[in-house]
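Working notes for the structure below.
A, B, ... follow the sequence lines: proteins, then strands. Residue 1 opens every chain.
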2 protein chains.
Amino acid sequence: MHLGADELVETLRRAGLRATAARRAVCEVVATHHEEHLTPASIVAHLSGRVDQSTVYRTLEALEGAGVLVHTHLGHGPAVYHLTDEPVHQHLVCRRCGRTIEIGSPRLAELLAAITDQTGFVADPAHFALSGLCAGCAAADR
Amino acid sequence: MHLGADELVETLRRAGLRATAARRAVCEVVATHHEEHLTPASIVAHLSGRVDQSTVYRTLEALEGAGVLVHTHLGHGPAVYHLTDEPVHQHLVCRRCGRTIEIGSPRLAELLAAITDQTGFVADPAHFALSGLCAGCAAADR
DNA sequence: CTCCTTGCAAAAGTTTTGCAGGGGC
DNA sequence: GCCCCTGCAAAACTTTTGCAAGGAG
């Protein structure tokens, strides 16, 4: 099970931050819509503008600093936010149809380990998507 | 050897575009500084503002459309541009010190092939960097 | 009561677009 | 001469910041 809104608020409290209505509301949206690709703008929309965008950005920043949330760049648009208690995965975005798929742990861990072996670099798959062509579009290409 | 300015201009011409002074100038900078991480702004700077930024963007877009150039997102700043005749490589950007390193062909091709095997997705390593910690910063972390 | 937070507004940073004049072919 | 290109200016879009008023602890 994923972190709930209360646990997110508690995380902020442990970080020395106050539990305000605005922060609770943002945590609520993040917890409730964890399987969506949440952007700051979509969070503001979910809250019908009752919380200002700057407050949403600041709350997301705080949650990210506390380690329970990360943001990922899927493309040229806004960043999307993810709870970190989801299994590690790499986003693959099709540059033709825009569809996003994810690849999960076992093979991915292997790939990243190979990079670390070769370079010492410890890659973090969450932060950037990989761009390319999905199976369908790649097939249509030929 | 890399593509020279004249070859880039010729590429544009083959795409049905005119060989203007502004485009020649941009091609000159791209060809001459191919080992730098060129951003639209740095290209404008190299040209001392003699070519407008919008023209630079439009020329880069044309070169990219012609397949001789790609842009990569290294982080939160502007995109960087690369000639495509450079060997395929993946950028790794350290989120702590900002240093960028690259990993080259043989292993990388293997990793991407593994992804394609698993998902059918044909990943393009050029478009996004991988974020993480470089060997030095990862070591300092412990 | 203190000072952390908020909303508002504006700025910052990157990229795109509309338009009238100028230049390539 | 036709119409593609350019520079200029402004807009679009995402994110950040300054500040005075308001609310948590």
Closest heavy-atom pair and its distance - B:R23, B:R18: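 Nearest heavy atoms, B:R23 then B:R18: NH1-O, 2.9 Å.
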Nearest-Å distance, [atom1] ([X]) to [atom2] ([N])?
| X | N | atom1 | atom2 | answer |
| --- | --- | --- | --- | --- |
| B:Y57 | C:dT14 | OH | P | 7 Å |
| A:I43 | D:dT15 | CD1 | C1' | 14 Å |
| A:L63 | C:dT5 | CG | P | 13 Å |
| A:H71 | D:dT16 | NE2 | P | 8 Å |
| B:E61 | C:dT14 | CD | C1' | 14 Å |
| B:H76 | C:dA12 | NE2 | P | 20 Å |
| B:E64 | C:dT16 | CD | P | 10 Å |
| A:R24 | C:dT5 | CZ | C1' | 14 Å |

Establish, yes or no, whether a centroid distance under 6.0 Å links the rings of B:H82 and B:H34.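 No; B:H34 has its ring centre 6.0 Å or more from that of B:H82.
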What about the rings of A:H46 and A:H33, do their centers lie closer together than 6.0 Å?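 Ring centroids of A:H46 and A:H33 are less than 6.0 Å from each other.
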Is there a donor-acceptor pair closer than 3.5 Å between any side-chain N or O of [X] and the backbone N or O of [Y]?
| X | Y | answer |
| --- | --- | --- |
| B:T59 | B:T55 | yes |
| A:E7 | A:G4 | yes |
| B:S42 | B:T39 | yes |

Distance-only side-chain donor-acceptor flag, B:H127 / B:H91, under 3.5 Å: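 Absent: no donor and acceptor within the cut-off.
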Basic-acidic side-chain contact under 4.0 Å: A:R13, A:E10: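 A salt bridge is present here (some side-chain N lies under 4.0 Å from a carboxylate O).
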Which letter, B, S or -, goes with each nucleotide of nucleotides 4-12 of chain D from 5' to 3', with contact meaning a protein heavy atom under 4.0 Å? BSBBB----
At what angle, to 10 degrees, do the two end axes of the helix from C:dC1-D:dG25 to C:dC25-D:dG1 meet, given five pairs define each axis?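 The end axes of the helix from C:dC1-D:dG25 to C:dC25-D:dG1 are about 30° apart, to the nearest 10°.
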Residue pair A:T84 / A:L69, side-chain heavy-atom distance below 4.5 Å: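 No - every pair of side-chain heavy atoms lies 4.5 Å or more apart.
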Any base atoms under 4.0 Å from B:A79, or only sugar-phosphate, or nothing? Heavy atoms, all strands.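 Result for B:A79 = sugar-phosphate.
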